[in-house]
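When a ligand or atom number is given, it counts from 1 through the structure's own listing order.
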Amino acid sequence: MKIFIDSGSVKDIEGLVPLGIIDGVTTNPSLLAKESGDSRAIIKQICRLVQGPVSAEVVATDAPGMIREGRELAAIDEHVVVKVPFTREGVKACRTLSSEGLRVNVTLIFSPTQALMAAKVGAAYVSPFVGRLDDIATDGMEMVRHLVEIFGRYKFGTEILVASVRHPMHIVEAARMGADVCTCPAAVIEQSFKHPLTDIGLEKFLKDWEKAHAAKA
Ligand code: E4P
């Protein structure tokens with residue numbers, strides 16, 4: 001399973017890319033609004049850093065506007081994936097942009113039928129938002145399970161990109177289900193590095209080593 005960083009922060013991305021575990025990045029208007037500076041320049045910088053798919057979202061709400069913006073975003077860098085929301089207009093825009101050879105990530109997916117329709121119009125990725133479903137007492141990962149099952153029966157070429165991830169168990173469940181990608185906030189990736197037994201174990205290894213060498217000296 002590929003791991004993307006869900007962030008518009010160059011600092012977050014610079015910190016994690018050198019680890020070699022990051023395959024791409026997703027941004028959205030809310031994430032980029034937190035950053036200072038020109039968002040197109042930020043997207044370009046993120047593309048240079050990650051050298052993999054970077055989703056950048058349109059803010060137009062009509063299909064012609066989304067298509068225009070999508071083409072402009074795609075012109076920023078070859079790694080840009082155009083993100084459009086799942087609306088009637090978004091579906092139309094996805095169909096056009098995909099037919100032009102641009103990769104489209106259809107976002108704000110909250111049901112398998114939405115994902116199925118996005119796949120039918122050539123989406124490269126669908127982004128089911130698991131955390132936001134959990135927030136309203138609906139099992140977000142259950143939707144992913146259905147998507148994996150449905151997509152497994154057909155040959156869409158659309159990847160399931162698990163989004164709105166809140167904690168490391170979402171990553172574990174996404175991987176167990178066979179999702180293609182899990183996009184995670186930097187903090188959730190950091191959390192995955194923490195395990196008390198790893199810390200305790202390493203401390204003991206180093207202490208034992210030091211003790212043995214001090215005794216020999
Ligand atoms: C996905 O691409 C979105 O940027 C993101 O995962 C939304 O997550 P949130 O529900 O934490 O805002």
Chemist: Should the pair Lys11-Glu14 be classified as a salt bridge under the 4.0 Å nitrogen-to-oxygen rule?
Modeler: no
Chemist: Output yes when Asp135 and Arg166 qualify as a salt bridge under the 4.0 Å nitrogen-oxygen rule, no when they do not.
Modeler: yes
Chemist: Please enumerate all residues that pass ring pair (Phe, Tyr, Trp, His ring centres under 6.0 Å) together with Phe156, with sequence neighbours excluded.
Modeler: Phe151, Tyr154
Chemist: Check whether any side-chain N or O of Gln45 sits under 3.5 Å from a backbone N or O of Val10 as a donor-acceptor pair, and report yes or no.
Modeler: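 No, because the side chain of Gln45 does not come within donor-acceptor range (under 3.5 Å) of the backbone of Val10.
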Chemist: One pair per line, please: each N/O atom of ligand 1 matched with every protein N/O atom under 3.5 Å away, atom names first, then the distance to 0.1 Å.
Modeler:
| unit_1 | atom_1 | unit_2 | atom_2 | d |
| --- | --- | --- | --- | --- |
| ligand 1 | 2 (O) | Lys83 | NZ | 2.6 |
| ligand 1 | 4 (O) | Asp6 | OD1 | 2.9 |
| ligand 1 | 4 (O) | Asn28 | ND2 | 2.7 |
| ligand 1 | 4 (O) | Lys83 | NZ | 3.4 |
| ligand 1 | 6 (O) | Asp6 | OD2 | 2.7 |
| ligand 1 | 6 (O) | Ser164 | N | 2.7 |
| ligand 1 | 10 (O) | Arg132 | NE | 2.7 |
| ligand 1 | 10 (O) | Ser164 | OG | 2.7 |
| ligand 1 | 10 (O) | Arg166 | NH1 | 3.2 |
| ligand 1 | 11 (O) | Arg166 | NH1 | 2.8 |
| ligand 1 | 12 (O) | Arg132 | NH2 | 2.8 |

Chemist: Evaluate the ring planes of His170 and His167, with Trp represented by its six-membered ring, and classify them as parallel (under 30°), tilted (30 to 60°) or perpendicular (over 60°).
Modeler: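 Parallel, since the angle between the ring planes stays under 30°.
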Chemist: With a 4.5 Å cut-off on side-chain heavy-atom distances among I, L, V, M, F, W and Y, is there a chain of contacts connecting Phe4 to Met141?
Modeler: no
